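Data first, discussion second: the structure below is written as C-alpha cells.
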Protein chains: 2
Amino acid sequence: MANRKISNTLALAVLGLLREQPMHPYEMASTLRERHKDSSFKVNSGSLYDTVEALVRHGWIEPVETARDGRRPERTVYAATGLGESEFVRWIDELLRTPVAEYPKFMAAVSYLGALGPDRAAEALTERAQQLSRRIEETRAVLADTVDSGKVPRLFMIEVECSLHAWEAELAWTRRTVTEIRDGSLVWPRAERTEQGWTWSAPTDTERKGTAG
Amino acid sequence: MANRKISNTLALAVLGLLREQPMHPYEMASTLRERHKDSSFKVNSGSLYDTVEALVRHGWIEPVETARDGRRPERTVYAATGLGESEFVRWIDELLRTPVAEYPKFMAAVSYLGALGPDRAAEALTERAQQLSRRIEETRAVLADTVDSGKVPRLFMIEVECSLHAWEAELAWTRRTVTEIRDGSLVWPRAERTEQGWTWSAPTDTERKGTAG
DNA sequence: CCGCGTATAGTCGGATCCGACTAATAGGGA
DNA sequence: TCCCTATTAGTCGGATCCGACTATACGCGG
C-alpha cells in the first residue's frame with residue numbers, strides 16, 4: 001500500500017528544505033551535510049530518493065522542473081505543496097509532544113552486560129566513556145565555531161545542544177556504572193539452571209572483588 | 001547476499017535466550033515480554049522469524065527439534081551453536097565499546113523546533129515533559145516491584161536503570177528549554193530570503209515576549 | 001594536455017522490516 | 001454444552017532501507 005503513513009524522519013528534513021526553496025535530491029543531501037543536519041538525520045542516497053518518491057505519492061511535494069545540464073543525468077527539482085507545508089508543522093508538533101519507544105543499540109548491549117563478566121564489562125564501558133568524551137569535545141567545538149561565534153543563530157543548531165546533553169548523560173551513567181562494578185556495588189550473581197528455570201545467588205564476601213573500599 | 005552482517009539487535013536477544021535453553025520463536029517473544037526486555041528490543045513477530053532464519057544462515061543457532069502438538073502448527077525449537085555463543089559475547093563487547101550514531105525521532109523534531117514558533121514549541125515540549133515524567137514514574141514502579149523487592153538481581157534489569165537515566169536527562173533538557181523559550185533566552189530569529197540564501201536578525205526588544213524576568 | 005582523484009547525480013537489486021492475517025486450542029461464563 | 005474471547009504459533013506480501021554501483025564533469029599536478 002502506498003498509503004502507509006510516512007515514518008522515516010528523512011522525509012521531515014526534505015520537507016524542511018523544500019519549504020525554503022525548490023531543490024533536487026542531491027542538493028538536499030549536500031545542504032543537510034553543510035548544515036550539520038546529518039547528525040540528526042540518516043542521509044543515505046538510496047533512502048533519500050525513495051523518500052522523495054513517497055512524499056510525491058502522498059502529495060506533500062511535487063516535481064516542478066526536470067533540467068539536464070550537458071550530458072549529466074537529469075535532475076528533477078521538487079517543491080513542497082501546501083499540504084506538505086502544513087503536514088510538516090503538524091508532524092513536528094506530534095513528534096515533540098509524544099515520546100515514542102526507541103531501541104538504541106547501546107541499550108540492547110547493556111541488557112546483557114552480565115554476559116561479559118565484571119572485568120570485561122568495566123573495560124568495555126571505560127573505552128566507551130573515552131570515545132563519548134571525545135565526541136562531546138568535537139561537538140562543543142562545532143558549536144563554538146557556529147553558534148558562539150555568531151555565524152548561525154542558536155535556534156538553528158538547538159538539536160546539537162540536545163544531543164550533546166544526551167551524550168553527557170550517557171557518559172555520566174557509563175562512568176558511574178564502571179565505578180559501581182569496580183567497587184562491588186553492582187553485584188554479579190551466579191546463575192544456575194534448575195528444573196524450574198533459573199535461580200541465582202549473591203556471591204559470598206570472599207568471592208567479591210577485593211577492590212571495594 | 002545472505003552474508004550481510006546481522007545488525008538487528010533482536011538477534012542479540014534471541015542468542016541471549018538460547019544460551020539459557022533451547023526454545024521456539026514464540027516462546028522467545030513471550031519470555032522477553034515477561035522479563036520486561038521488550039523495552040530494549042523491538043519484539044515484532046514478523047521480524048522475529050526473519051531474524052531467527054538469518055541466525056541459522058550464519059550458523060549462530062540451529063534447529064534441534066520440530067514438534068507438533070495435536071493439529072497446531074509445527075513448532076521448531078532452536079539452540080545456540082558454539083559459534084553463536086562466542087559471537088554473542090563478542091557482539092555485546094563491540095556494542096558497549098563503540099558508540100554509534102542513532103537518529104531518534106525526537107532529535108529530528110527538535111531540529112525543526114523553530115518551525116512551530118515559540119508559543120507552540122513551548123506548549124508541545126511541556127506536554128512531552130508531562131508524558132515523560134509519567135513514564136519515568138511507571139518505570140520506577142517496575143523497578144521497585146522487581147529489583148528493590150529482591151525478586152530479580154539488579155544486574156538483570158540494569159538496562160532499565162540506564163534508560164531511566166536517559167529519560168530523566170531528556171526531561172531535564174525539555175523543561176530547561178521550555179523555560180528558556182518563555183523567558184526569551186532562546187531567541188526566535190526572523191529568517192528572510194535574499195538573493196544569496198538566507199539571513200536572519202534577532203528580534204528587537206519590543207518584539208520579544210514580555211514574559212522575561 | 002593527460003591522468004586521476006573528487007564532486008555531481010542518481011539507479012538498482014537484494015536484504016530487512018513489519019503489520020495484518022490465518023488457524024487451532026484453552027478457558028470460562030451463561 | 002455452546003459460544004466468545006484470549007492465547008498459542010507462525011505465515012505472507014508488500015513497504016522500506018541501504019550499500020554498491022554507474023557515469024559524467026571538473027580541477028590540477030606534472
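On a predicted model such as this, the values are computed, not experimentally measured, just so you know.
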Tabulated below should be each protein N or O lying under 3.5 Å from an N or O of nucleotides 19-22 of chain C; please produce it.
from   : atom 1 : to      : atom 2 : distance (Å)
C/dG19 : OP2    : B/Asn44 : ND2    : 2.8

Could you check how far CE of A/Met28 sits from P of C/dG10, rounded to whole Å?
9 Å

Distance, rounded to the nearest Å, where A/Leu48 contributes CG and C/dG10 contributes P
9 Å

So, are B/Glu127 and A/Arg97 salt-bridged, with charged N and O less than 4.0 Å apart?
yes

Just the rounded figure in Å: distance from P of D/dT7 to CZ of B/Arg75.
18 Å

Between A/Asn8 (CG) and D/dT16 (C1'), how many Å, whole number?
8 Å

Please tabulate, one pair per line, all N/O donor-acceptor pairs under 3.5 Å involving side-chain atoms of residues 40-56 of chain A, not counting sequence neighbours.
from    : atom 1 : to      : atom 2 : distance (Å)
A/Asn44 : OD1    : A/Gly46 : N      : 2.8
A/Asn44 : OD1    : A/Ser47 : N      : 3.3
A/Thr51 : OG1    : A/Ser47 : O      : 2.7

A/Met23 CE - C/dG10 P separation (whole Å)
13 Å

Tell me: CD1 of B/Ile6 to P of C/dC17, nearest whole Å?
10 Å

Nearest-Å distance, CD (B/Glu53) to P (C/dT16)?
11 Å

I'd like to know if the side chain of A/Thr98 and the backbone of A/Leu95 have a donor-acceptor N/O pair within less than 3.5 Å.
no

Select one nucleotide: of C/dG10, D/dT7, D/dT11, the one nearest the side-chain heavy atoms of B/Tyr49.
D/dT11

Would you tell me if any nitrogen or oxygen in the side chain of A/Tyr26 comes within less than 4.0 Å of OP1 or OP2 on C/dG10?
no

Does A/Glu94 pair with A/Arg90 as a salt bridge, N-O distance under 4.0 Å?
yes

Ion pair check, A/Arg128 and A/Glu170, cut-off under 4.0 Å
yes

C/dT16 phosphate, OP1 or OP2, under 4.0 Å from B/Arg57 side-chain N/O
yes

Residues which pass side-chain contact (heavy atoms from CB on, under 4.5 Å) with B/Ala166, listed by chain and number, not counting sequence neighbours:
none

Check this for me: does the side-chain of B/Asp50 come within 3.5 Å of the base of C/dC18 through a donor and an acceptor?
yes

Determine, for B/Phe156 and B/Lys151, whether the Lys NZ or Arg CZ falls below 6.0 Å from the six-membered ring centre while staying within 45 degrees of the axis.
no

Nearest whole Å is fine: how far is D/dC18 P from B/Lys5 NZ?
17 Å

